[in-house]
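Here is the structure we will look at, set down as structure tokens.
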Amino acid sequence: SAELARATDLVGYKTYLNRVDVRPGQQVHASDNQVESERACLALDLAKRGARVTVVSSGDPGVFAMATAVVEQAADPQWHDVPVRVVPGVTAANAVAAATGAPLGHDYAVVSLSDRLKGWDIIEKRIRAAADADLVLAIYNPGSSQRTTQVAQLKALLLQLKSPETVVIQGRDVGGPTETVRTTTLGELDPGTVDMRTLLIIGSSTTRVLARSGGDLSFTPRYYRS
């Protein structure tokens with residue numbers, strides 16, 4: 001909030017900028033979702049010319065978000081003297097986990113299911129490695145209007161490696177006005193209910209759900225028996 005208030009210019013994806021209360025005098029530079037590098041260059045150029053720029057991202061900017069794009073572009077010598085600072089936020093994995101208990105209480109892996117910047121063979125290799133290590137999995141970018149097969153492929157792959165009774169948590173728009181959180185199992189997971197605004201948490205073999213009158217709680221114990 002402090003950084004937003006101090007900024008002279010706000011740069012970001014238009015959907016995220018729509019959530020910001022813009023004060024009088026601030027300049028807003030909105031863009032579409034798939035121009036991260038161009039957005040980062042614009043922000044750095046504005047800052048080079050004396051503006052105090054805030055690049056607005058969702059969740060934590062360092063997790064599959066804009067911090068990487070800005071830092072990568074800042075390596076260009078033309079922006080050598082532009083200071084860059086990353087302000088941490090709450091990433092979707094932690095937000096969804098907190099809404100259901102403590103499913104990330106032990107070791108876990110974070111994987112993006114988007115194959116726009118890496119091939120599906122790489123994604124599958126990483127999913128297999130995490131499942132083989134019995135890590136909890138936090139799945140980002142599981143599907144979109146243009147990527148409709150990845151969640152079904154993920155489910156089929158994991159059913160080869162894990163029990164169908166494995167705990168699965170679906171968190172959609174957590175922290176937003178249409179928040180929904182659902183706990184199910186790997187066998188019962190319906191890929192058709194998962195979209196780009198959903199984060200999936202796939203439990204390990206030790207992840208459990210406690211039935212409670214005030215709402216079920218999921219957790220992964222901090223100990224692990226060899």
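Both backbone and side-chain heavy atoms feed into the values below; hydrogens, waters and symmetry mates do not. Note that the structure is a prediction, hence the values are computed from the model and not measured.
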For the student: nearest non-hydrogen atoms of W79 and K48, plus distance = CD1-CD, 3.9 Å

Show which residues join V86 in its hydrophobic cluster (side-chain heavy-atom contacts under 4.5 Å, direct or indirect), or state none.
-> none

Looking only at heavy atoms, what is the nearest atom pair of A7 and T54, with distance?
-> CB-OG1, 3.3 Å

Would you find more than 12 non-hydrogen atoms of other residues, nucleotides or ligands less than 6.0 Å from R212 atom CZ?
-> no

Hey, quick one: are V82 and V55 part of the same hydrophobic cluster, counting side-chain heavy atoms closer than 4.5 Å, chains of contacts allowed?
-> yes

State whether the side chain of D60 and the backbone N or O of T91 hold a donor-acceptor pair below 3.5 Å, judged by distance alone.
-> no

Residues at least two apart in sequence or cross-chain that pass side chain to side chain donor-acceptor pair (under 3.5 Å) with T15, listed by chain then number, are Y13

Min side-chain heavy-atom separation R126-K118 under 4.5 Å | yes

Side chains of T8 and Q26: does their closest heavy-atom pair fall under 4.5 Å?
-> no

Is any side-chain heavy atom of V174 closer than 4.5 Å to a side-chain heavy atom of V181?
-> yes

Quick one: side chain to side chain donor-acceptor pair (under 3.5 Å) partners of R49, sequence neighbours excluded?
-> D45

Qualifying ring-ring contact (aromatic ring centres under 6.0 Å, His included) pairs with a residue from residues 125-151, counting only residues at least two apart or across chains = F64-Y140

Which atom of R39 lies closest to which atom of S31, heavy atoms considered = NE-OG, 2.9 Å

Taking everything shown except R23 itself, do over 12 heavy atoms lie less than 6.0 Å from its CZ?
-> yes

Report the residues that fulfil side-chain contact (heavy atoms from CB on, under 4.5 Å) with D9, sequence neighbours left out, ordered by chain and then residue number.
-> Q27, H29, L46, A51, V53

Is the shortest heavy-atom distance from the side chain of K14 to the side chain of D32 under 4.5 Å?
-> yes

pair P103-T100: side-chain heavy atoms closer than 4.5 Å | yes

Kindly work out whether a path of hydrophobic side-chain contacts (I/L/V/M/F/W/Y, heavy atoms less than 4.5 Å apart) joins V28 to V11.
-> no

Any pair with a residue in residues 83-92 that passes salt bridge (charged side-chain N to carboxylate O under 4.0 Å, His left out), sequence neighbours left out, goes on the list, sorted by first then second residue, please.
-> E3-R85

Smallest separation among heavy atoms of A130 and A109, with atom names | CB-CB, 4.2 Å

Minimum side-chain heavy-atom gap V56-L4 below 4.5 Å = yes

Over all heavy atoms of both residues, which pair between A65 and S58 is shortest? Give the atoms and the distance, please.
-> CB-O, 4.4 Å

Is the closest side-chain heavy-atom distance between L17 and L10 below 4.5 Å?
-> yes

Output all residues satisfying side-chain contact (heavy atoms from CB on, under 4.5 Å) with S204, sequence neighbours left out; order by chain, then residue number.
-> D134, V136, T206, T207, T220

Between CD on residue Q150 and OG on residue S112, distance to nearest 0.5 Å = 9.5 Å

Other residues, nucleotides, ligands: >12 heavy atoms within 6.0 Å of D21 CG | no

Looking at side-chain heavy atoms only, is the closest gap between I169 and S218 below 4.5 Å?
-> yes

Polar contact flag, side-chain donor to acceptor under 3.5 angstrom, E72-T68 = no

Apply side chain to side chain donor-acceptor pair (under 3.5 Å) to T183 and list each qualifying residue two or more places apart in sequence or on a separate chain.
-> none

With rounding to the nearest 0.5 Å, note down the distance linking OG in S1 to CZ in R6.
-> 10.5 Å

Scan for ring-ring contact (aromatic ring centres under 6.0 Å, His included) pairs involving residues 152-186, sequence neighbours excluded, and state none if there are none.
-> none

Would L135 end up clustered with V167 when hydrophobic side chains under 4.5 Å apart are linked, directly or stepwise?
-> no

Do other residues, nucleotides or ligands put more than 12 heavy atoms under 6.0 Å from L117 CG?
-> no

Heavy-atom donor-acceptor pair, K162 side chain to S205 backbone, under 3.5 Å | no

Could I get the full list of ring pair (Phe, Tyr, Trp, His ring centres under 6.0 Å) partners for Y108, not counting sequence neighbours?
-> none

Using the rule that two of Ile, Leu, Val, Met, Phe, Trp, Tyr join whenever any of their side-chain heavy atoms come within less than 4.5 Å, decide whether I201 and V209 are in one cluster.
-> yes

Enumerate the residue pairs fulfilling salt bridge (charged side-chain N to carboxylate O under 4.0 Å, His left out) with a member in residues 171-188, sequence neighbours excluded, ordered by first and then second residue.
-> R172-D195, D173-R197

Atom CG in L42, atom CD in Q73: separation rounded to 0.5 Å?
-> 11.5 Å

Hey, what else clusters with I123 if you join Ile, Leu, Val, Met, Phe, Trp, Tyr whenever side-chain heavy atoms sit under 4.5 Å?
-> V111, L113, W120, I127, L137, I139, V151, L154, L157, L158, L159, L161, V168, L186, L189, V194, L200, I202

